[in-house]
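Atoms within a ligand are numbered from 1 in the order they appear, just like the ligands themselves.
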Amino acid sequence: RDVENMRLIRSLVRHVKYFLGLRFDVSGWEHLQTEGPYVIISNHQSSLDVLGLMEILPDRCTMIAKKELIYAGTVGLICWLGGIVFINRKKPNDARSVMIDASKTMLDDKIRLWVFPEGTRNQTGNLLPFKKGAFHLAVQAQVPIIPIVFSSYSSFYLRKQKQFNSGTITIKILPKIETKGLTSDDIPSLIDKSFHLMNSSFLSISNSVPHSNGPCKH
Ligand SMILES: CCCCC/C=C\C/C=C\CCCCCCCC(=O)SCCNC(=O)CCNC(=O)[C@H](O)C(C)(C)COP(=O)(O)OP(=O)(O)OC[C@H]1O[C@@H](n2cnc3c(N)ncnc32)[C@H](O)[C@@H]1OP(=O)(O)O
Ligand SMILES: CCCCCCCC/C=C\CCCCCCCC(=O)OC[C@@H](O)COP(=O)(O)O
């Protein structure tokens, strides 16, 4: 179990896109050229996100994932070997304390963490309001946040209708958001800023017709 295993996992999983007929069009690579630890946040539509994630995964980067994945057979084993940090969403206190520990490990072991701040898969056409864990993580570690947006899959993949075609996914890596000097009081505005940047990017790179989730709650 070591974050370094993600290099091998990445190089193997990246080939899955060829079997599914998927292509990735990535912009903003330069924003990932940031030294040291940071927190990546991205939107979460489906398990397919794993392919986009592996397309651009930087070195020494692992993910925060729901603990149920440990029990998902080979996938669980791969996740465990890759040093994924598992949280129990049914026990938010436990999840929060795991993430507080992770903020220390990030600095001690020079690790980057990828968090899906929507907290669940979402294909509504807009991003869901963000949970706060990723932002506490970045502020506690005083490291930058790098927002990444995957375009909507709705033009080629409709889960409920069981439709899947080949397609191109646009990935936009946005400029980092610094958290140096911020405290927990700044988290609501940090979430607002990140949400609006990502939601507007998502709508601009997606072909889907947006419909509202209502206001962003904190
Ligand atoms: C074909 C073969 C291929 C094989 C491939 C195999 C393997 C692939 C390998 C690897 C890829 C794996 C990819 C895995 C992806 C997994 C994705 C997921 O699992 S998404 C689901 C899990 N993730 C999340 O839930 C993250 C987002 N959630 C949060 O951040 C939450 O905040 C939380 C930490 C879970 C806590 O939940 P809660 O409901 O309590 O959150 P709130 O945001 O509402 O906060 C409530 C309250 O708590 C305060 N808070 C939150 N976090 C913290 C903290 N860290 N420290 C201090 N306080 C915290 C928050 O401020 C709120 O308080 P207040 O309202 O007073 O401000
Ligand atoms: C033709 C079928 C199209 C779909 C094919 C999917 C191919 C996917 C390729 C590799 C994926 C394997 C890794 C699976 C990792 C799953 C991570 C995930 O998505 O967990 C769900 C979790 O975040 C949130 O859970 P909920 O949405 O709250 O429950």
Using modelled atom types and a 3.5 Å cut-off, is there a donor and acceptor pairing between side-chain atoms of [X] and backbone atoms of [Y]?
X   : Y    : value
R89 : G119 : yes
D94 : N88  : no
R23 : S166 : no

Which part of [X] is near ligand 1, with near meaning a heavy atom under 4.0 Å away: side chain, backbone, both or neither?
X    : value
M99  : side chain
V115 : side chain
K132 : both
L53  : neither

Notebook entry, point to check: Hey, is T120 touching ligand 2 through its side chain, its backbone, both or neither, going by heavy atoms under 4.0 Å?
Noted result: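 Both of them.
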Shortest non-hydrogen contact between [X] and [Y], atoms and distance:
X    : Y    : value
L32  : P58  : CD2-CG, 4.3 Å
T179 : A138 : OG1-O, 3.3 Å
H136 : I187 : ND1-CD1, 3.2 Å
L174 : L197 : CD1-O, 4.2 Å
C79  : F86  : CB-CZ, 3.8 Å

- Mind checking whether R159 has a heavy atom under 4.0 Å from ligand 2? no
Problem - Residues N126 and N199: side-chain donor-acceptor under 3.5 angstrom - result: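 Side-chain D/A pair, N126 to N199: present.
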So if I count the atoms of ligand 1 from 1 in the order they appear, which ones are less than 4.0 Å from some heavy atom of [X]?
X    : result
Q140 : 56 (N), 57 (C)
I87  : 23 (N), 24 (C), 25 (O), 35 (C)
M54  : 9 (C), 10 (C)
P92  : 40 (O)
I100 : 56 (N)
F116 : 15 (C), 17 (C), 26 (C), 27 (C)
I84  : 10 (C), 12 (C)
K66  : 18 (C), 19 (O), 22 (C)

Sub-3.5 Å N/O-N/O distance, R89 and ligand 1
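No; the residue has no nitrogen or oxygen that sits under 3.5 Å from a nitrogen or oxygen of the ligand.
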Ligand 1 and R96, any nitrogen or oxygen pair closer than 3.5 angstrom?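 Between R96 and ligand 1, an N or O pair is found under 3.5 Å apart.
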As a check for students: among [options], identify the option with a heavy atom nearest to [atom].
atom                    : options           : value
atom 24 (C) of ligand 2 : Q45, H44, Q163    : H44
atom 6 (C) of ligand 1  : V50, I78, L20     : I78
atom 20 (S) of ligand 1 : H44, M6, E68, K91 : H44

Exercise for review: Evaluate the 4.0 Å heavy atom contact test for atom 15 (C) of ligand 2: does a protein atom fall under the cut-off?
Suggested key: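 It does; a protein heavy atom is within 4.0 Å.
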4.0 Å heavy-atom contact, [X] with ligand 1:
X    : result
R121 : no
L137 : no
E118 : no

Closest to atom 10 (C) of ligand 2 among protein heavy atoms sits L51 CD2, 4.1 Å
The closest protein heavy-atom partner of atom 17 (C) of ligand 2 is L69 CD1, 4.0 Å
In L137, V85, L113, the residue satisfying side chain to side chain contact (heavy atoms under 4.5 Å, CB included) with M99 is L137
Any atoms of ligand 2 less than 4.0 Å from a non-hydrogen atom of F164? List them with their elements.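 The atoms of ligand 2 under 4.0 Å from a heavy atom of F164 are 1 (C), 3 (C).
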Q | Mutual orientation of the aromatic rings belonging to Y157 and F164 [parallel < 30°, tilted 30-60°, perpendicular > 60°] | A | perpendicular
